[in-house]
Amino acid sequence: MDIVSLWDKTLQLIKGELSPPSFNAFFKQIIPLKIHINELILLVPNDFTKGILEDRYLNLIESSINQLSLKKYKVKFVLDEKYIEGLEEEPKSSNLPPKNYPNLNPKYTFDTFVIGNSNRFAHAACVAVAESPARAYNPLFLYGGVGLGKTHLMHAIGHHIITQKKDAKVVYVSSEKFTNELINSIKDDRNEEFRNKYRNVDILLIDDIQFIAGKERTQEEFFHTFNSLHEANKQIIISSDRPPKEIPTLEDRLRSRFEMGLITDIQAPDFETRIAILRKKAQMENIEVSNEVTNYIAKNIKSNIRELEGALTRVIAYSSLTNRTVSLDLAVEALKDIITTTKNEEITVNRIKEKVSSVFNIKMEDFNSKKRTRSIAYPRQIAMYLSRELTDLSLPKIGEEFGGRDHTTVIHAHDKIVKDIQVNEEIKSKIDKIILDLKG
Ligand SMILES: Nc1ncnc2c1ncn2[C@@H]1O[C@H](COP(=O)(O)OP(=O)(O)OP(=O)(O)O)[C@@H](O)[C@H]1O
C-alpha cells in the first residue's frame, strides 16, 4: 500500500473512533509525507496540533495503521515538509533479490502464537516443516475460517527458516498478488522475470489460494511453479479458507497436488485459548488488563481472532483517549457497537429491576423492602408492571420476587401503571425506553 492510501484507510478507521469535532480539528489538516524505513512521516500545521496528536492520539493512530499494514510503523509528526529532504537514503530493495526481503510480519512468529486445542495439530505441522523444509510434509496445506491464524503460522515458518539459514530464499505471497503480478508480467512482456521470481525460491508461502479458483491462466502458471519447486525439493506451504476438495473450479491436477502432502485445519479457539491470546497480546503491548475484561471480551467474541484482538486494541485505545484505566465498565462502553450482549438475553425480573433502579435512581434492595415512600413505591410498581408484561412468570411468582408480596399487590401495581401510561406522556416514554433497552 502506498502512503496516501494507507493514510486514507487509517483516517477512515480513526474517524469511527472520534467525535466529528475532534476528528475535524486534529486530523483533517494532516498531510502524509513519506514512509521512511519503519516510520510514517506526517506533516502537521502547528505545534499545538502536534502536541495534542502526540499526547492523546498517537496510540490510536499507530494501532490503526498496524491493523491495516503487515509492517509495524511508528508515526512521526513534523512541522516542515523539508524534513524529509534530510533523511538518510533507504537501502534500495530493488538492487537486491527478493529473497532478502521476505514480506513477513515481524510479529507473526512461533513465540507469539498461542497454542490451544483448536490449532495444536496445525502448529505442530508448521513447526515440523520449519525445522526440516521439504523433508517433513510437502506441500503443507493449512485451512480454516477467517482470522484464525493461517497467515500467522505461515510467517512463523518463514521466520524460523530464515533464522536457521540466513540466505534461504523465502517468498510469501497472497494468491491475489500472485495473480496480479502474473497479469502485469503478461502485459509488460516480463513473463520470464515472473517465472524466475517464483520458480527459484527455497520456500514458497502462498496465502488464500482459494482466490485462484476460476482463474485459468493463474492456475496454469501456479501448476508449473508448483511442479518445478516440488521437483527441486523446495518447500511449498499453502493456505486456504477451505480444504482443496471444496475449492470450486480448481483444476483436478492442482487439487491432487495440494493433497499430496499434509492437509491440516485450524478451528475457532475455545474460551481458554481466547483468554490466553488476549493475555499474550496485552503483555506484548505492556498493558495491564484485568481478568474481568479479558473474560468479557473472550466470552463475547468467539469465532475470529482478528476481531478478538481488534476488540482489545479498541479498549486500550479508548482508555488512552479518555484517560481512564482499563476496567470492565470502560470495556463495555468501548465495545458497545461490537458486543450487544443484551440483544438476545432473556428478560428476567432481575434485569428489569436493574434498569428501573438506574432510571429512577433507587437501590436494588428497595424493590423488596417495605418502604412506601412514593419515590420508591412508584418505581417498584413500574418494575412489577414490566415483570408482568415482559416475563412469563405468574402473578404469585412475581410477588415473591418483590420481597414476598401478595399477588393482588402485583395486580394493583399493573393496573395503576396501565392507567398512568395513558395519561402521562413522561412516564410512558420512560417505560418505553426501558422496554426498548431490555429488548436490545
Ligand atoms: N493462536 C494464535 N495466537 C496468537 N495470535 C493469533 C493466533 N491465531 C491468530 N492470531 C492473530 O489473529 C490475527 C489474525 O490471524 P491471521 O491473519 O493469521 O488469520 P488468517 O487465518 O490468515 O485469516 P484470513 O483468512 O483473513 O487470511 C493475527 O493478528 C494473528 O496474529
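Ligands are counted one by one from 1 in listed order, and the atoms in each one are counted from 1 as well. Here, residue 1 is the first one in the sequence, and each next residue gets the next number.
For the ligand labelled ligand 1, residue Asp241 lies outside the 4.0 Å heavy-atom shell. The shortest separation from a heavy atom of Gly147 to ligand 1 is under 4.0 Å, placing the residue in contact.
By the criterion of a heavy-atom distance under 4.0 Å, neither the backbone nor the side chain of Lys281 is placed next to ligand 1. Looking at Asn119 against ligand 1, only its side chain comes within 4.0 Å, counting heavy atoms.
Considering only non-hydrogen protein atoms, atom 31 (O) of ligand 1 sits nearest to His152 ND1, 2.7 Å. With hydrogens left out, the protein atom closest to atom 1 (N) of ligand 1 is Val114 O, 2.8 Å, a heavy atom. Of all protein heavy atoms, the one lying nearest to atom 12 (O) of ligand 1 is Ile305 CG2, 3.2 Å. Closest to atom 17 (O) of ligand 1 among all protein heavy atoms lies Arg306 NH2, 3.0 Å.
Remark: Asp202 does not engage Lys169 in a salt bridge, criterion side-chain N to carboxylate O under 4.0 Å. One finds a salt bridge joining Lys281 and Glu285 here, because a Lys/Arg side-chain nitrogen approaches an Asp/Glu carboxylate oxygen to under 4.0 Å.
Ligand-side atoms of ligand 1 in range of Asp208: 27 (O), range being under 4.0 angstrom from any heavy atom. The Glu309 neighbourhood of ligand 1 comprises atoms 5 (N), 11 (C), 12 (O), 13 (C), 28 (C), 29 (O), 31 (O), with distances under 4.0 Å to a heavy atom of that residue. Against a heavy-atom cut-off of under 4.0 Å, Thr112 is close to the following atoms of ligand 1: 3 (N), 4 (C).
Heavy atoms from other residues, nucleotides or ligands lying under 6.0 Å from CZ of Phe271 number more than 12.
Side chain of Arg199 to main chain of Ser228: no donor-acceptor pair is present (N/O by atom type, distance under 3.5 Å, no hydrogens or angles).
Ring planes of Phe226 and His230: parallel class, angle under 30° (limits at 30 and 60°).
A donor-acceptor pair shorter than 3.5 Å cannot be found between the side chains of Asp208 and Ser174.
Here the side chains of Thr179 and Glu181 are not in contact, with every heavy-atom distance at 4.5 Å or above.
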